[in-house]
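Single-structure report; data block below.
Please read all numbers here as calculations on a predicted model, not as lab measurements.
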Amino acid sequence: MPNLPPDSNQSSSSRLSFFSVKHLRTFWTWLGDPCRTAGRGKLTMQLCLLLTVLLSAIAVYSFTQDEYVDYDTYYVAGLIMARGSSPYTATAQDFERTAEELGLPDIAHPYRYPPLTVSILSQIPVEQRQEGAMVWMGLSVALLVICAWLCGTYLGKGWYQASFLAFACNVPAWTVVYAGQINAFLLIGIVLALVASKHNKELACGFALGFGTMVKVIPLSLVGLMIWRTRWRVVLGVAISIAAIIGVSVWLGGAGYFLDALLQASQLASGTLVEPYVPNQTINGALGRLYPSHPEFAVLGGQIFAVFVMCVTVLACLPPGKGKGNRDLEIAMVIAAALLLPYNIWYHMQVILVPAFLVAWKELVERGWRLCLLCLFTLYALTSLHGLVWHALIKYPAWANIPLVYAIFLWLLLVVLTRTRKTPKPAAESVASETVTVDTV
């Protein structure tokens with residue numbers, strides 16, 4: 001009987017199966033210890049280049065298709081300010097009328113952000129709106145890449161590759177660029193504060209937190225942590241930074257807008273509104289989608305959950321005072337908690353969870369908690385998938401809350417890690433205890 005050649009289809013299928021299994025196993029091993037490739041500088045540069053090219057391509061596509069809807073919202077608010085009206089008291093009709101003049105589609109109302117951004121954009125003439133969008137999106141790309149590099153610096157040698165990969169796989173980061181969102185500017189303030197805190201640059205940490213707070217109020221939670229830990233130089237830096245930014249904003253736009261912004265912020269903080277739209281990934285939004293005929297459930301549920309998150313987070317930070325607790329884990333935990341408190345958090349704001357995700361990843365690797373690591377990666381991946389397909393989930397509210405589940409899991413995981421992590425004794429205290437022991441012997 002003649003020798004028949006092997007089935008080429010079966011052979012190629014076997015090779016493909018072997019390739020897939022082998023490389024998946026290698027990738028999982030790397031996820032469990034990213035430092036194993038720390039010496040491969042070429043791989044680090046490749047991942048950095050991948051992130052830069054990916055975000056740049058998204059920016060170019062969005063710009064050519066005129067899809068930067070969030071930037072347009074900020075710009076319309078700035079144009080209203082430039083014409084002498086307040087974007088915080090302007091009606092929906094005012095926003096629609098101004099948007100129609102520019103040939104823009106629906107514009108979000110009300111304007112919810114501190115006056116810094118709108119004061120700057122109010123200086124851009126109408127004929128330069130697109131040029132301003134180009135600069136804005138280019139800055140967003142640059143800031144996200146810098147954030148990824150700074151997160152690698154913050155975590156220590158061997159974590160640059162993990163940081164670049166985490167940002168590259170984060171669809172909320174893609175959305176920040178695609179929609180012309182402001183969150184890249186918020187994230188750089190938070191990440192700079194983390195790096196400064198790591199190196200005990202207290203005033204610099206405060207300056208960065210103050211800047212972030214004047215972009216969006218989320219970093220105020222970290223300011224609260226600094227007060228809890230009696231890090232008064234950080235608090236001083238925050239006060240100086242906010243005062244300087246308020247001065248610039250008043251010089252650009254006037255003082256009256258700050259009073260309007262504070263009044264609106266107090267109304268939004270009351271938590272009596274319901275936002276059931278799928279991108280809103282909060283308890284308020286989830287309950288609003290599940291029980292649309294009972295908005296009081298969403299309001300009450302969101303308020304109760306916010307109080308629960310605050311109480312648990314404070315308990316996890318006990319006792320108060322300087323030098324207590326694990327600084328990295330506490331900061332990551334507070335960042336995660338901050339996104340669970342408001343009634344309205346769009347899913348793309350979860351880009352600011354990437355540093356907290358990386359801190360949790362590193363801690364789980366050091367402890368060898370592989371099952372928790374698998375759960376964390378799975379939810380991270382599903383959150384990015386949600387960002388791509390959320391339009392299809394509008395009719396399926398029970399499946400539209402994956403980013404919220406991820407945020408709650410990350411926060412609870414960091415609570416557990418914070419409370420079970422033993423804080424090392426200061427060197428002087430360790431030497432003193434050894435001396436006492438020797439004398440006793």
Side-chain angles (χ1 to χ4, degrees), residues 48-49 51-88 90 94-149 167 172-189 191-192 211-212 214-216 244-254 257 261 346 348-349 351:
C48 178
L49 182 62
L51 175 62
T52 306
V53 171
L54 174 64
L55 295 180
S56 299
I58 293 171
V60 170
Y61 176 80
S62 176
F63 184 78
T64 56
Q65 299 298 314
D66 204 14
E67 292 286 349
Y68 38 89
V69 292
D70 286 323
Y71 169 82
D72 284 337
T73 298
Y74 311 145
Y75 184 79
V76 167
L79 189 56
I80 290 174
M81 177 183 283
R83 293 175 175 177
S85 300
S86 171
Y88 300 101
D94 295 329
F95 273 79
E96 290 175 3
R97 191 181 310 113
T98 307
E100 286 176 0
E101 293 177 20
L102 300 173
L104 299 176
D106 295 337
I107 294 295
H109 174 270
Y111 184 77
R112 295 185 172 98
Y113 311 110
L116 172 63
T117 305
V118 71
S119 299
I120 294 174
L121 294 183
S122 68
Q123 309 302 308
I124 300 177
V126 172
E127 60 273 13
Q128 295 181 355
R129 178 183 69 88
Q130 289 188 315
E131 288 81 355
M134 184 186 301
V135 174
W136 180 274
M137 297 171 78
L139 283 174
S140 293
V141 171
L143 290 177
L144 287 172
V145 175
I146 292 171
C147 284
W149 177 74
F167 274 89
W174 302 2
T175 308
V176 166
V177 175
Y178 181 80
Q181 246 289 329
I182 199 173
N183 290 324
F185 297 86
L186 169 64
L187 183 61
I188 192 66
V191 173
L192 284 172
F211 169 77
M214 295 307 292
V215 175
K216 284 187 177 180
I245 291 172
I246 288 177
V248 171
S249 300
V250 168
W251 176 61
L252 291 175
Y257 304 115
W346 295 140
H348 48 67
M349 275 198 67
V351 68

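- Taking every heavy atom of both residues into account, V141 and S56 meet most closely at CG1-OG, 3.7 Å.
- In this structure, the ring of W136 has its center less than 6.0 angstrom from the ring center of F185.
- Across F167 and C147, no two heavy atoms sit closer than the pair CZ-CB, 4.1 Å.
- No side-chain N or O of D70 forms a donor-acceptor pair with one of Y68 less than 3.5 Å apart.
- Of all heavy-atom pairs between Y71 and R129, the closest is OH-O, 3.3 Å.
- Nearest heavy-atom pair, K216 versus I182, reported as atom, atom and distance to 0.1 Å: CE-CG2, 3.5 Å.
- Partners of E127 by salt bridge (Lys or Arg N to Asp or Glu O under 4.0 Å), not counting sequence neighbours: none found.
- Residues forming a side-chain hydrogen bond (donor to acceptor under 3.5 Å, both in side chains) with T52 (at least two apart in sequence, or on another chain): none.
- Once rounded to the nearest 0.5 Å, the distance linking CD1 of I58 with OG1 of T175 reads 8.0 Å.
- Under the side-chain contact (heavy atoms from CB on, under 4.5 Å) criterion, D94 pairs with A90, T91, R97, not counting sequence neighbours.
- Counting all heavy atoms, side chain and backbone alike, S140 lies closest to V177 at CB-CG2, 4.5 Å.
- Contact detail for S122 and G78: the closest heavy-atom pair is CB-O, 3.2 Å.
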